[in-house]
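Below, read A as the first sequence line, B as the second, and so on, with proteins coming before strands; counting in each chain starts at 1. Quick note: numbers below take in every heavy atom, side chains included, and nothing from hydrogens, waters or symmetry partners.
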Number of protein chains: 2
Amino acid sequence: MDSLDRKIIAALRVNGRATYADLGRSVGLSASSVHERVGKLEAAGVITGYHAVVNPSAVGLGVTALVGIQPTDTAEDDDVAEALSQLDEVESCYAVAGDEAFVVKVRVSTVDDLERALSRLRRIAGVARTRTTVVLSTRFEGRANNASLDSPSVNSGA
Amino acid sequence: MDSLDRKIIAALRVNGRATYADLGRSVGLSASSVHERVGKLEAAGVITGYHAVVNPSAVGLGVTALVGIQPTDTAEDDDVAEALSQLDEVESCYAVAGDEAFVVKVRVSTVDDLERALSRLRRIAGVARTRTTVVLSTRFEGRANNASLDSPSVNSGA
DNA sequence: TTTGAAACTTTTATGTA
DNA sequence: TACATAAAAGTTTCAAA
């Protein structure tokens, strides 16, 4: 990964639909070179995908909550995570340090749906308690950290 | 928004670089019709952008933490949020209900960097205390909720 | 690794139903 | 709206450097 790769990545984080020709113009390479580099970045697992971002309210998901999951004494983390992944409302799932095993992000339409989702979460085997933090507004989300792209990365743990 | 729009959105969430021709094939519409619909979805603010997703470790951001921000009595939320947005390490910022004003997601290279980031957070005017939850592993993140796309959305709060 | 050229595909504007 | 068409643009492959 050199500085050109980092520039290409930064550009694709801003606009995931940028054409190779566009990218080439902005980094000073031919479209075919960019194509080659992007292919390698994808193959190396540096770029893991491209996704359209949708306004959650516009698709009827106006309610967001962060939920800490406290496990029972005998809970198997992997089983709990698997069960969490089965629930459509759970958008993200982080295994965390502390007395909670996971923190998940839940998105639903209404507070009624939130209530139902929480009761579903609590019924998962291995879940002892949940602690819910309701999101009042999303100030920003999923922003690129460009600090990491300005300087060569030491850690290539792809 | 009809069922075709929802299918197009779902497809673009899975693959943000799908061509209009691809999308047309998968929803049974011509490329030009898809182009027209996607343009409208973008203009209406339903689709807010397209982004490449990068493996954080591969760009040297292997340490993630969720940090609750407790405000001082006199803190102005908007000022705190603005200050949070100035920090590169803060990837997402949610205003929340409860005794914390915000929960933020922080991404850095090392625990040393995390320590520095937290001390930076605590120095923000209006921040009384922080509560940090270290992420041990990301089981999944930013997954599409397809439940919202199966049925017509009532809430079009774009 | 980069490039330009060639073959192929997609995009995008226009006209029509 | 949706579609077909066609010109412009982009993608992708490949041989050469």
Side-chain angles (χ1 to χ4, degrees), chain A residues 1-55 58-60 144 148-158, chain B residues 1-55 58-60 144 148-158:
Chain A
M1 267 238 288
D2 62 10
S3 124
L4 289 170
D5 284 331
R6 284 189 289 272
K7 279 183 193 164
I8 292 169
I9 291 169
L12 283 172
R13 280 173 74 143
V14 172
N15 177 12
R17 278 183 85 81
T19 65
Y20 296 119
D22 284 339
L23 295 168
R25 278 186 285 271
S26 66
V27 307
L29 233 44
S30 68
S32 39
S33 291
V34 173
H35 181 242
E36 174 82 16
R37 280 171 176 264
V38 171
K40 285 181 181 168
L41 290 168
E42 289 168 354
V46 176
I47 295 175
T48 58
Y50 303 88
H51 303 289
V53 177
V54 170
N55 177 342
V59 294
S148 71
L149 298 168
D150 292 343
S151 61
S153 157
V154 177
N155 182 352
S156 74
Chain B
M1 266 237 289
D2 62 10
S3 126
L4 289 170
D5 284 330
R6 284 188 289 273
K7 280 184 192 164
I8 292 169
I9 291 170
L12 283 171
R13 281 173 74 143
V14 172
N15 177 13
R17 278 182 86 81
T19 65
Y20 296 119
D22 285 338
L23 294 169
R25 277 185 285 272
S26 66
V27 307
L29 232 45
S30 69
S32 37
S33 294
V34 173
H35 182 241
E36 174 83 16
R37 280 170 176 265
V38 171
K40 286 181 181 169
L41 290 168
E42 290 168 354
V46 176
I47 296 174
T48 58
Y50 304 89
H51 304 289
V53 176
V54 170
N55 177 342
V59 294
S148 72
L149 298 167
D150 292 343
S151 61
S153 157
V154 177
N155 182 352
S156 75

* To do: Taking A:His51 for its side chain and B:Gly16 for its backbone only, find out whether a donor-acceptor pair lies under 3.5 Å.
  => no

* To do: Would you grab the first and last nucleotide of DNA chain D (5' to 3') that comes under 4.0 Å of any non-hydrogen atom in chain A?
  => D:dG10 to D:dT13

* Asked: Is there side-chain contact between A:Ile9 and A:Met1, with heavy atoms separated by less than 4.5 Å?
  -> yes

* Are the side chain of A:Thr48 and the backbone of B:Asn55 linked by a donor-acceptor contact shorter than 3.5 Å? -> no

* Roughly how far, to the nearest 0.5 Å, is CD of A:Glu42 from CG of A:Leu12? -> 8.5 Å

* When you measure from every atom of DNA chain C, which of residues 22-42 of chain B have a heavy atom less than 4.0 Å away? -> B:Arg25, B:Ser32, B:His35

* Asked: If you measure from NZ on A:Lys7 to CG on A:Asp2, what distance do you get to the nearest 0.5 Å?
  -> 9.5 Å

* Work out which heavy atom in A:Ala52 is nearest to a heavy atom in B:Ile47; give both atom names and the distance. => CB-CG2, 4.3 Å

* Asked: Measuring from A:Leu29:CG to A:Glu36:CD, what's the distance to the nearest 0.5 Å?
  -> 10.5 Å

* To do: Return yes if some donor-acceptor pair links the side-chain N/O of A:Arg17 with the main-chain N/O of B:Ala18 below 3.5 Å, else return no.
  => yes

* Structure fact -> Its dot-bracket string being built from Watson-Crick and G-U pairs below 3.5 Å, with | for another strand and [ ] for crossing, DNA chain C has the pattern |||||||||||||||||

* Which atoms form the tightest heavy-atom contact between A:Leu41 and A:Asp5, and what is the distance? -> CD1-OD1, 4.0 Å

* Asked: Going by heavy atoms in the side chains, are A:Arg37 and A:Leu23 under 4.5 Å from each other?
  -> no

